[in-house]
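Shown next, in structure tokens, is the structure this report addresses.
FYI, side chains are in, hydrogens and waters are out, and symmetry mates aren't considered; it's all heavy atoms of this structure. Owing to the predicted nature of the structure, the values given are computational and were not obtained by experimental measurement.
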Amino acid sequence: MKKIALGVTSSVSIYKACEVLRGFQKKGFDVQVIMTPNAAQLISPRLFSALSGKKTAVDLFGDDDSDRIAHISLAEEISLLVIAPATANIIAKLASGVADDFLSTLYLAVRCPVLVAPAMNEAMYLHPQTQANILRLQTAGVELVLPEMGYLACKEEGWGRLVTPEKIIEHGLALLEKSESLKRRTVLVTAGPTREPLDPVRFLSNRSSGKMGYALAGEALRRGARVILVSGPTSLYPPPGAELRPVETAAAMAREVKKNLSRADVLIMAAAVADFRPADRSEQKVKKEEAPPALKLVPTEDILASLARPGGRSKKVIVGFAAETRDVIANASRKLREKKLDLIVANDVSREGIGFDSDFNQVVIIDKKGAVVESPIVSKREISRLVMDRVEVLLGRKK
Ligand code: PMT
């Protein structure tokens, strides 16, 4: 029997949490309820204990079994954390990593998918701070079932009403199903720029932040895959659970990709690999007065093209990215053919607000048959969902 945790916070719609609990039980789940101390002021935790058949957790230090750290062991047992209803306060805490009660501490400890269903007064919901917190949670990989317009506890019509328990359960089940869709698969993702040194202090590089590749790694993890993340230098934290292989140069990235490719079912090259490196690397810092008037460059190895050789790919799904500034579809289609890819994801890196270093992107996904799918401008997390959906279809065909 799968176990899920239901976090309940202090919204007037708290009574709907009983139906959420019952709904998951009817689907065969074992449900552990966690209430915030404020929620416990609205309804007695005993009600949820009676419904769930287990003691409702409220106090971080309430468990007298001192050998177990309750929130850590619960985090390891559950397949899904649902927070419904979620107040503006808990959303703000989760978004900023505050962990001062059982529920907010559990959130930081879980590796399973998290579903949050906000409920609050319209002014609070539409407040820019709440909206910014919601966006932050979405960027961190949390799934939200956003509230509806309707009659609110403050006796006004407006946005902020908790969605129906059925909708929450439906979302939770879909999330659980997705969280296993890449189980027993290994996804190798490259991310970030490479640095090609001139001397011990200077290098040639590019504007890649790693955000696109890290978002893809996070999405693959959420679908249950083992993820190996070969990353050039970035200022990002790897998504929890990813096996990070930090590299600096294109040559090091090529070595690491080849070393790990045999165990991967999918390779996604989102890294902006340098096409050229300085022909010479000085062991000492080059003095200003000794600097050459021109730099001699030599090409780096094209990692994807080198894998086109027999034996390099077999049943694997190979996805490339194309950073273009013009003729996006034509140039990307050429790369797809020349590098013998299953899929290419092209982005126009000359456009403001997308591509390099942005949280957003707009892409064109092209497959071997020439089918073209164009996305709107959405978060890199949304793009990674689109890409992984296509990857799953291709994996199914290669069975
Ligand atoms: O990191 P972010 O700031 O989030 O930005 C995301 C991104 C713009 C870097 C990303 O979306 C992207 O476009 N990545 C690919 C960048 C790139 O190198 O494109 P390209 O068209 O030059 O290369 C085509 C493909 O060949 C890429 O998959 C690249 O990883 C691969 N390549 C390139 C050069 C090389 N020597 N070896 C390679 O394998």
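Using a distance-only test at 3.5 Å, with no hydrogens or angles considered, no donor-acceptor pair links the side chain of Thr130 to the main chain of Leu126. Although no hydrogens or angles enter the test, the distance criterion places a donor-acceptor pair under 3.5 Å between the side chain of Asn361 and the main chain of Gly355. Not one N or O on the side chain of Thr234 forms a donor-acceptor pair closer than 3.5 Å with the backbone of Gly210. A donor-acceptor distance shorter than 3.5 angstrom exists from the side chain of His171 to the backbone of Lys167, with no hydrogens or angles considered. Under the 3.5 Å distance criterion, the side-chain polar atoms of Arg381 are matched with a main-chain donor or acceptor of Gln138. With hydrogens and angles ignored, the 3.5 Å screen pairs no side-chain donor or acceptor of Gln362 with any backbone N or O of Asn347. A donor-acceptor distance shorter than 3.5 angstrom exists from the side chain of Asn331 to the backbone of Arg326, with no hydrogens or angles considered. Side-chain atoms of Glu301 never come within 3.5 Å of backbone atoms of Ala254 as a donor-acceptor pair (strictly under, hydrogens ignored). No side-chain donor-acceptor contact under 3.5 Å links Thr249 to the backbone of Glu196. Looking at Gln32, its side chain never comes within 3.5 Å of a backbone N or O of Ser52 through a donor-acceptor pair.
In this structure, Ile169 and Phe24 have side chains that are in contact, with non-hydrogen atoms separated by less than 4.5 Å. Ser231 places a side-chain heavy atom less than 4.5 Å from the side chain of Leu244. The shortest distance between side-chain heavy atoms of Asn133 and His127 does not fall below 4.5 Å. Annotation: side chain of Tyr125 is in contact with side chain of Gln131 (closest heavy-atom distance under 4.5 Å). Counting only heavy atoms from C-beta outward, the side chains of Leu182 and Glu392 approach each other to under 4.5 Å. Inter-residue side-chain proximity for Ile329 and Val372 is flagged as met; some heavy-atom pair is nearer than 4.5 Å. Between Val363 and Ser375 there is a side-chain heavy-atom pair separated by less than 4.5 Å. Looking at Asp59 and Pro37, their side chains never come closer than 4.5 Å, going by heavy atoms from C-beta outward.
The CG atom of Leu106 sits 8.5 Å away from atom CD1 of Ile72, with the distance rounded to the nearest 0.5 Å. For the atom pair CD1 (Ile365) and CD1 (Ile383), the distance works out to 7.0 Å, reported to the nearest 0.5 Å. Atom NZ in Lys368 sits 10.0 Å away from atom CD1 in Ile318 (nearest 0.5 Å). For the atom pair CG of Asn121 and OG1 of Thr87, the computed distance is 12.5 Å after rounding to the nearest 0.5 Å. Atom CG of Leu304 and atom CG of Leu336 lie 10.5 Å apart (nearest 0.5 Å). Of the inter-residue distances, the one linking Ile303 atom CD1 with Lys258 atom NZ reads 7.5 Å to the nearest 0.5 angstrom.
The residues Arg385 and Glu143 are annotated as salt-bridged, a charged nitrogen and a carboxylate oxygen being separated by less than 4.0 angstrom. Note on Arg161 versus Glu122: no salt bridge recorded, every NZ/NE/NH1/NH2 to OD/OE distance being 4.0 Å or above. With respect to the salt-bridge test (charged N to carboxylate O, under 4.0 angstrom), the residues Asp302 and Lys335 do not qualify. A salt bridge does not link Lys16 to Glu19: none of the charged side-chain nitrogens sits closer than 4.0 Å to a carboxylate oxygen. The pair Lys2-Asp30 does not count as a salt bridge, with every side-chain nitrogen at least 4.0 angstrom from each carboxylate oxygen. Asp342 has no carboxylate O lying under 4.0 Å from a charged side-chain N of Lys369, or vice versa, which leaves the two without a salt bridge. For the pair Glu180 and Lys183, the salt-bridge criterion is met [side-chain N within less than 4.0 Å of a carboxylate O]. Ion pairing of Asp101 with Lys93 is present here, as a side-chain N (NZ or NE/NH1/NH2) and a carboxylate O approach within less than 4.0 Å.
In the hydrophobic clustering of this structure, Leu144 groups with Val110; members are Ile, Leu, Val, Met, Phe, Trp, Tyr whose side-chain heavy atoms approach within less than 4.5 Å, directly or through other members. Taken together through direct or relayed side-chain contacts under 4.5 Å among Ile, Leu, Val, Met, Phe, Trp and Tyr, Ile83 and Leu162 form parts of separate hydrophobic clusters. Cluster membership check: Val98 does not share its hydrophobic cluster with Met35, using side-chain heavy-atom separations under 4.5 Å among Ile, Leu, Val, Met, Phe, Trp and Tyr. Linking ILVMFWY side-chain heavy atoms closer than 4.5 Å, directly or via other members, places Ile344 and Val364 in a single hydrophobic cluster. Note: the hydrophobic cluster containing Leu51 does not contain Tyr15 (ILVMFWY, side chain heavy atoms under 4.5 Å, direct or indirect links).
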>> Does Val189 form a side-chain contact (heavy atoms from CB on, under 4.5 Å) with Val230? I'd like the steps, not just the answer.
In response: CA-CA 6 Å; Val189 181; Val230 179; over 6 Å; no
> Is there a side-chain contact (heavy atoms from CB on, under 4.5 Å) between Leu307 and Leu261 once you walk through the steps?
Replying inline: CA-CA 9 Å; Leu307 305 178; Leu261 190 65; 3.8 Å; yes
>> Before you tell me yes or no, could you show the steps for Tyr107 and Val114 under side-chain contact (heavy atoms from CB on, under 4.5 Å), namely the whole-Å CA-CA distance, both residues' side-chain angles and the distance that decides it to 0.1 Å?
In response: CA-CA 8 Å; Tyr107 166 73; Val114 180; 4.2 Å; yes
>> Pair Val345, Met212 - check side-chain contact (heavy atoms from CB on, under 4.5 Å), show working.
In response: CA-CA 11 Å; Val345 184; Met212 191 64 251; over 6 Å; no
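Taking all atoms of both residues into account, the shortest heavy-atom contact from Ser205 to Arg195 is OG-CG, 3.9 Å. Counting all heavy atoms, side chain and backbone alike, Leu103 lies closest to Leu81 at CD1-CD1, 4.3 Å. What you find for Asp199 and Lys285 is that their closest heavy atoms are OD2-CA, 3.7 Å. Taking all atoms of both residues into account, the shortest heavy-atom contact from Ile78 to Cys112 is O-CB, 3.8 Å. Contact detail for Tyr214 and Pro239: the closest heavy-atom pair is O-CG, 3.7 Å. Closest approach of Leu115 and Ile168 over heavy atoms only: CD2-O, 3.6 Å.
Atom CZ of Arg263 has more than 12 heavy atoms from other residues, nucleotides or ligands within 6.0 Å. Remark: Arg46 CZ is loosely packed, at most 12 non-hydrogen atoms of other residues, nucleotides or ligands lying under 6.0 Å away. Around atom NZ of Lys54, more than 12 heavy atoms belonging to other residues, nucleotides or ligands sit under 6.0 Å away. Arg202 CZ: more than 12 foreign heavy atoms inside a 6.0 Å radius.
The closest side-chain donor-acceptor pair between Glu177 and Ser179, if any, does not fall under 3.5 angstrom. Side-chain N/O atoms of Asn38 and Thr36 include no donor and acceptor closer than 3.5 Å.
Test Val82, Thr56, Ile34 against Leu6 for side-chain contact (heavy atoms from CB on, under 4.5 Å) and you get one pass: Val82.
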Please output the side-chain donor-acceptor pairs of residues 265-283 that fall under 3.5 Å, not counting sequence neighbours, one pair per line with the distance.
unit_1 : atom_1 : unit_2 : atom_2 : d
Asp265 : OD2    : Thr186 : N      : 2.7
Ser282 : OG     : Gln284 : N      : 3.2
Ser282 : OG     : Gln284 : O      : 2.5

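Scanning for side-chain hydrogen bond (donor to acceptor under 3.5 Å, both in side chains) contacts around Arg390 gives Asp367, with sequence neighbours left out.
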